[in-house]
Protein chains: 2
Amino acid sequence: MSKPSPTARERIVAGAADMISRRGLNATSIREMAKHAKAPLGSTYHYFPDGKQQLATEAVRFTGAWVARSLRKELAAGPVAGLLAFLDLWRGIVVDTDFRAGCPVLAVSIEEPPVDETPAALLAAAEVFEEWEGLLAGSLREHGAEPEQAAQLATLVVAAVEGTVAMCRAKRSTEPLDRTAEQLRALIETAIGKR
Amino acid sequence: MSKPSPTARERIVAGAADMISRRGLNATSIREMAKHAKAPLGSTYHYFPDGKQQLATEAVRFTGAWVARSLRKELAAGPVAGLLAFLDLWRGIVVDTDFRAGCPVLAVSIEEPPVDETPAALLAAAEVFEEWEGLLAGSLREHGAEPEQAAQLATLVVAAVEGTVAMCRAKRSTEPLDRTAEQLRALIETAIGKR
DNA sequence: GCTAGACTATGACGGCCGTTATAGCCAGTG
DNA sequence: CACTGGCTATAACGGCCGTCATAGTCTAGC
């Protein structure tokens with residue numbers, strides 16, 4: 001019992017992240033999110049008074065923090081270890097869900113915002129990408145990469161992994177992840193001057 | 001008048017591709033697709049008797065063929081030229097739509113399929129990715145890359161570009177595309193032994 | 001025990017969804 | 001001219017949507 005059982009609020013956020021990662025934001029209804037978390041519909045508007053946007057925003061941040069935690073931990077062993085952890089994390093999600101789930105941050109990123117304002121969830125998605133890139137770029141710099149090279153490579157890694165996960169879902173195969181992993185691993189090893 | 005004015009059917013397919021690339025499949029209604037193409041709702045079910053799935057499938061194939069055409073043409077000048085054309089094509093879409101549209105193939109790829117079958121549109125998305133990868137890989141092999149290296153690199157390029165486009169939308173900036181472009185260009189030049 | 005405040009239960013609101021059915025128009029062929 | 005077949009127009013079907021309102025239940029602190 002080192003971990004307290006999650007509150008209803010936490011269950012809703014985690015469940016929302018899962019459902020958004022499967023169907024996208026617009027296609028996920030608040031009723032389904034509530035049911036998925038075994039919470040009453042009224043509770044979602046109690047915990048998230050700003051409605052769907054707030055819930056989506058928290059789901060994005062929840063996923064962002066979860067991945068960043070894993071990334072931070074594994075990057076202690078170097079950029080290649082971090083990359084492999086990043087890849088394995090997404091590979092696990094894709095395989096465990098039989099190619100039905102992906103990344104909720106990506107899902108939120110590709111929904112058209114209204115003309116007049118930028119939704120909070122989209123801003124959160126941008127921040128999450130920025131955080132992941134920052135972690136990778138920092139580790140690359142620490143291991144000898146030039147700052148600009150590190151920034152470019154970090155962006156490439158995040159983008160490639162996100163895109164690869166989507167391709168794996170379409171093809172119902174992990175082969176794209178295998179190929180991307182090999183290329184990125186070699187690229188990082190070169191960038192940090194491993195020989 | 002070298003090009004005949006598009007038929008209503010073509011307008012619907014092209015419009016559907018555009019709308020799916022903005023909002024995702026589930027969030028795009030048939031009524032809106034019809035209105036966007038200035039076609040009556042009844043016509044969509046006349047031209048596409050199998051409904052939304054058929055329309056989505058044709059939209060994916062339409063985009064796939066359009067991109068493949070551009071890719072084939074530019075790859076004649078070598079893999080780097082092909083990469084730059086691929087990047088510029090998506091950059092144009094993202095910029096021209098003020099970061100509101102992306103790739104409809106990616107959008108279709110990240111929608112959860114029903115438990116019992118795989119939707120036609122998802123199969124089409126997998127085929128389109130395969131086609132783009134094949135074109136790139138073929139050009140890389142022709143310019144001296146090892147077959148396995150070519151296949152891996154082609155997958156990385158497609159995945160990275162798709163992911164980068166999504167990141168650009170979230171950040172409302174083309175900087176991710178600039179970074180990814182630089183990294184991929186260098187990578188391809190190395191792979192084909194340019195010096 | 002009592003009360004305040006956190007949470008739940010329930011139902012309603014207008015609105016859009018995918019799909020189907022049916023009747024009408026209107027070109028082109030004979 | 002009639003008429004056929006491609007296309008349109010219109011309405012309807014059941015169903016789910018996001019959101020809000022209201023009344024009920026439960027628990028913690030006095």
Side-chain angles (χ1 to χ4, degrees), chain A residues 4-17 19-20 22-60 104 107-108 111-122, chain B residues 4-17 19-20 22-60 104 107-108 111-122:
Chain A
S5 84
T7 68
R9 194 181 197 285
E10 290 164 341
R11 284 203 326 271
I12 295 174
V13 171
M19 302 195 70
I20 292 170
R22 295 171 183 263
R23 320 191 196 181
L25 176 53
N26 270 318
T28 303
S29 77
I30 293 197
R31 281 171 177 81
E32 286 171 319
M33 297 196 228
K35 181 169 292 184
H36 185 273
K38 292 192 212 302
L41 173 62
S43 292
T44 63
Y45 282 92
H46 173 76
Y47 291 119
F48 312 96
D50 289 342
K52 198 176 184 176
Q53 267 300 318
Q54 184 184 356
L55 187 38
T57 304
E58 299 213 17
V60 166
V108 164
E111 310 241 350
E112 187 175 46
V115 286
D116 47 350
E117 94 232 70
T118 302
L122 191 57
Chain B
S5 83
T7 69
R9 194 180 198 281
E10 289 165 342
R11 283 203 326 270
I12 295 174
V13 172
M19 301 195 70
I20 292 170
R22 295 170 183 263
R23 321 190 196 182
L25 176 53
N26 270 319
T28 303
S29 77
I30 292 197
R31 281 171 177 81
E32 287 171 318
M33 298 195 227
K35 182 168 292 183
H36 185 274
K38 293 192 210 305
L41 172 62
S43 292
T44 64
Y45 283 92
H46 174 75
Y47 292 120
F48 312 94
D50 288 342
K52 197 175 184 178
Q53 268 300 317
Q54 183 185 355
L55 187 38
T57 305
E58 299 212 17
V60 167
V108 164
E111 309 241 349
E112 187 176 45
V115 286
D116 46 352
E117 95 234 67
T118 302
L122 191 57

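Lettering follows sequence order; numbering is per chain, from 1. On a predicted model such as this, the values are computed, not experimentally measured, just so you know.
Among residues two or more places apart in sequence or in another chain, the side-chain contact (heavy atoms from CB on, under 4.5 Å) test is passed with A/Gln54 by A/Arg9, A/Phe48, A/Pro49, A/Asp50, A/Glu58. The side chain to side chain donor-acceptor pair (under 3.5 Å) check on B/Thr118 picks up nothing, with sequence neighbours excluded. Every side chain to side chain donor-acceptor pair (under 3.5 Å) that B/Arg23 has, sequence neighbours left out, goes to B/Glu32.
Scanning both residues, A/Ala121 and A/Ala56, for their nearest heavy atoms gives CB-CB, 3.9 Å.
Summarising the geometry, the separation between CE on A/Met19 and C1' on D/dC17 is reported as 14 Å, rounded to the nearest angstrom. Remark: P of D/dC17 and CZ of A/Arg31 are 6 Å apart, rounded to the nearest angstrom.
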Show every donor-acceptor pair shorter than 3.5 Å between a side-chain atom in residues 36-44 of chain A and any protein atom, with sequence neighbours excluded, or say none if there are none.
residue : atom : partner : partner atom : Å
A/Thr44 : OG1  : A/Leu41 : O            : 2.7

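Distance check: A/Ile20 CD1 to A/Lys52 NZ gives 8.0 Å after rounding to the nearest 0.5 Å. The distance from the CG atom of A/Leu122 to the CG atom of A/Leu25 is 10.0 Å, given to the nearest 0.5 Å. Interatomic distance, A/Asn26 CG to B/Glu111 CD, rounded to the nearest 0.5 Å: 9.5 Å.
Sorted by residue number, the members of residues 34-51 of chain A with any non-hydrogen atom under 4.0 Å from DNA chain D read A/Leu41, A/Tyr45, A/Gly51.
When DNA chain C is scanned in the 5' to 3' direction for atoms under 4.0 Å from non-hydrogen atoms of chain B, the outermost contacting nucleotides are C/dC17 to C/dT20.
When heavy atoms are screened at a 4.0 angstrom cut-off, B/Gln53 is found touching no nucleic acid atom at all.
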